Participant: 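Here you go, one structure.
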Amino acid sequence: MENVQELRETRDEIQSLLSTATRPRVKKLLQDELERVEHEIDSEGKPCAEAKKPTVKKPQVSSTKITSYAWDQSPKFVKIYITLPEVETLPEGNVSTKFTSNSLELRVLGLKSKNYQFQMVHLLRPILPESSSVKVKTGKLTILLKKDKEVNWSCLTATAENSKNKTQQPKLDDGKDPGDGIMDMMKKMYDEGDDEMKRTIAKAWTESRGKQNSMIKAILVFNNHGKPRMSKFFTHYSEDMQHQIIRETFHIVSRRDDNVCNFLEGGTLIGGSDFKIIYRHYATLYFVFCVDSSESELGILDLIQVFVETLDKCFENVCELDLIFHMDKVHNILQEIVMGGMVLETNMSEIFNSH
């Protein structure tokens with residue numbers, strides 16, 4: 001510090017001489033010397049200032065592979081759900097995805113000093129990369145894979161499909177229900193719907209409205225494994241008989257190819273040739289109407305479409321878990337369409353506004 005002090009005193013003295021000098025050459029010599037001394041003062045002072053700065057050690061960021069997730073599907077999308085607490089606090093650029101026609105990769109950077117990676121290759125079926133995306137919500141991520149074709153996925157990857165070694169035809173009591181393993185996780189997530197385009201409104205069904213003698217005997221919804229997701233009987237049956245009818249009906253419709261007609265003679269338990277089974281198959285769900293034999297097949301198919309599209313409008317692309325977690329709302333919608341086995345309303349806007 002004494003050396004710096006001496007330099008400052010020398011600088012002050014040169015400045016004093018410079019203020020009294022009159023000859024240009026003397027002024028130039030003094031000015032050059034003043035600049036040299038000030039430079040030395042700056043050089044002497046820098047190490048002291050830098051020594052006071054604390055050394056900042058950059059934290060090391062670990063990388064973690066995401067292995068825990070859940071998935072579901074609608075007719076147009078496969079949805080993968082990943083729970084990451086506080087992921088919504090990250091800047092937009094810290095969550096990125098890369099899609100190809102048969103793979104996906106997700107990266108999450110800097111979440112609580114960790115980086116996360118999720119990757120899938122050899123997807124079961126092709127997807128449309130440009131229409132696939134990721135949505136960030138409170139504590140979770142939803143990956144939306146746009147299907148190239150609106151067909152059902154039995155699993156996510158071709159590897160998983162090959163390892164299952166199961167028969168093409170589902171059995172009544174075989175296989176695990178895909179909803180069983182993710183009930184707790186999904187219950188919190190399904191109050192918020194996906195921001196997807198709503199479906200166009202289907203043509204209202206009116207043909208059966210005037211048929212006073214026609215009757216709907218039962219409306220059943222079950223998944224590809226025969227698990228009932230909703231049932232409404234308009235004729236009294238014991239609980240045990242209702243379960244038998246559901247199993248019989250599933251056994252009948254699940255054996256039919258997708259390219260055959262969607263109506264056939266009723267099973268022996270529901271009424272045989274006096275009744276018809278009319279159904280539609282959407283992704284993981286069968287929607288089945290058991291109706292009087294005099295009922296119009298095309299009219300009932302349109303009615304099923306009205307029911308499903310109203311659910312779509314309510315839940316924004318309805319899927320199996322919506323029926324599980326919002327059963328009361330589903331029954332309220334159905335009650336606006338059919339009551340006591342008779343059709344009340346077929347206008348989707350009226351149904352949606354009334355429920």
Side-chain angles (χ1 to χ4, degrees), residues 63-84 87 95-109 111 114-137 139-171 173-187 189-190 194-196 222-227 229 254 257-258 281-286 317-324:
S63 183
T64 303
K65 286 188 176 182
I66 297 172
T67 57
S68 178
Y69 61 90
W71 74 282
D72 194 15
Q73 62 183 311
S74 64
K76 293 184 179 180
F77 286 89
V78 172
K79 307 171 189 179
I80 300 174
Y81 305 98
I82 298 172
T83 299
L84 280 179
V87 68
V95 179
S96 61
T97 51
K98 181 180 179 182
F99 298 102
T100 69
S101 61
N102 67 346
S103 69
L104 70 98
E105 182 178 10
L106 167 75
R107 290 184 180 273
V108 180
L109 305 178
L111 179 59
K114 285 185 179 181
N115 294 336
Y116 292 87
Q117 182 184 23
F118 178 75
Q119 189 174 27
M120 276 193 174
V121 296
H122 306 305
L123 294 173
L124 181 64
R125 302 185 188 280
I127 63 171
L128 301 177
E130 65 279 3
S131 301
S132 301
S133 62
V134 62
K135 293 186 182 297
V136 181
K137 297 182 180 179
K140 57 183 177 287
L141 297 169
T142 302
I143 303 174
L144 302 174
L145 304 179
K146 180 64 183 298
K147 295 179 179 179
D148 183 38
K149 295 181 180 179
E150 294 186 19
V151 294
N152 184 55
W153 289 33
S154 59
C155 55
L156 289 178
T157 65
T159 304
E161 172 75 6
N162 293 335
S163 66
K164 283 185 177 181
N165 193 23
K166 61 180 182 180
T167 60
Q168 295 271 346
Q169 200 62 33
K171 297 180 181 178
D173 298 318
D174 224 6
K176 186 179 178 181
D177 179 9
D180 289 345
I182 58 175
M183 290 281 288
D184 293 337
M185 179 181 180
M186 298 304 300
K187 191 167 181 62
M189 301 170 71
Y190 264 77
D194 297 316
D195 301 326
E196 299 171 2
F222 41 75
N223 67 11
N224 292 341
H225 298 269
K227 297 284 185 178
R229 293 308 180 207
S254 64
D257 294 332
D258 289 337
H281 187 197
Y282 299 89
T284 62
L285 293 172
Y286 287 89
N317 210 348
V318 66
C319 62
E320 184 175 351
L321 290 174
D322 291 316
L323 273 64
I324 296 173

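For reference, positions follow the sequence shown, starting with 1. Bear in mind that the values here come from a model prediction, so they are computed numbers and not experimental data.
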Participant: Roughly how far, to the nearest 0.5 Å, is CG of D258 from NE2 of H281?
Facilitator: 6.5 Å
Participant: Mind listing the closest non-hydrogen atom pair of F99 and T97 along with its distance?
Facilitator: CE1-OG1, 3.3 Å
Participant: About how many Å separate OH of Y69 and OH of Y81, when rounded to the nearest 0.5 Å?
Facilitator: 14.0 Å
Participant: Please check: side-chain N/O of H122 versus main-chain N/O of L124, any donor-acceptor pairing under 3.5 Å?
Facilitator: no
Participant: Is the closest side-chain heavy-atom distance between I143 and F118 below 4.5 Å?
Facilitator: yes
Participant: For the residue pair L285 and V318, establish whether any side-chain heavy-atom pair is separated by less than 4.5 Å.
Facilitator: no
Participant: Quick check for you: to the nearest 0.5 Å, what is the distance between T100 atom OG1 and E105 atom CD?
Facilitator: 10.0 Å
Participant: Show the nearest heavy-atom pair for residues K79 and N317, with the distance to one decimal.
Facilitator: NZ-O, 3.7 Å
Participant: Rounded to the nearest 0.5 Å, how far does CD of Q117 lie from CG of L109?
Facilitator: 10.0 Å
Participant: E161 and S154: side-chain donor and acceptor closer than 3.5 Å?
Facilitator: yes
Participant: Compare every heavy atom of P75 with every heavy atom of A283, then report the nearest pair and how far apart it is.
Facilitator: CB-N, 4.2 Å
Participant: If you define the side chain from C-beta out and look only at heavy atoms, does anything of I82 sit under 4.5 Å from V87?
Facilitator: no
Participant: Anything under 30° is parallel, anything over 60° is perpendicular, the rest tilted; go ahead and classify F222 against Y286.
Facilitator: tilted
Participant: Between N102 and I127, is there a side-chain heavy-atom distance shorter than 4.5 Å?
Facilitator: no
Participant: Which heavy atom in S131 sits nearest to a heavy atom in F77, and how many Å separate them?
Facilitator: O-CE2, 3.9 Å
Participant: Do you know the tightest heavy-atom contact between S132 and K146?
Facilitator: OG-N, 3.1 Å
Participant: Considering non-hydrogen atoms only, spot the tightest contact between V151 and K147 and give its length.
Facilitator: O-NZ, 2.9 Å
Participant: Does the side chain of S101 reach to within under 4.5 Å of the side chain of L123, using non-hydrogen atoms?
Facilitator: no
Participant: Between L106 and V95, is any pair of side-chain heavy atoms under 4.5 Å apart?
Facilitator: yes
Participant: Working to the nearest 0.5 Å, report the span between NZ of K227 and OG1 of T284.
Facilitator: 14.0 Å
Participant: For the atom pair NZ (K114) and CG (L84), what is the distance rounded to the nearest 0.5 Å?
Facilitator: 10.5 Å
Participant: Checking the side chain of N162 only, and the main-chain atoms of T159 only, is there a donor and an acceptor separated by less than 3.5 Å?
Facilitator: no
Participant: Does the side chain of Q73 reach to within under 4.5 Å of the side chain of N152, using non-hydrogen atoms?
Facilitator: yes
Participant: Do R125 and D148 have side chains that approach each other closer than 4.5 Å (heavy atoms only, starting at C-beta)?
Facilitator: no
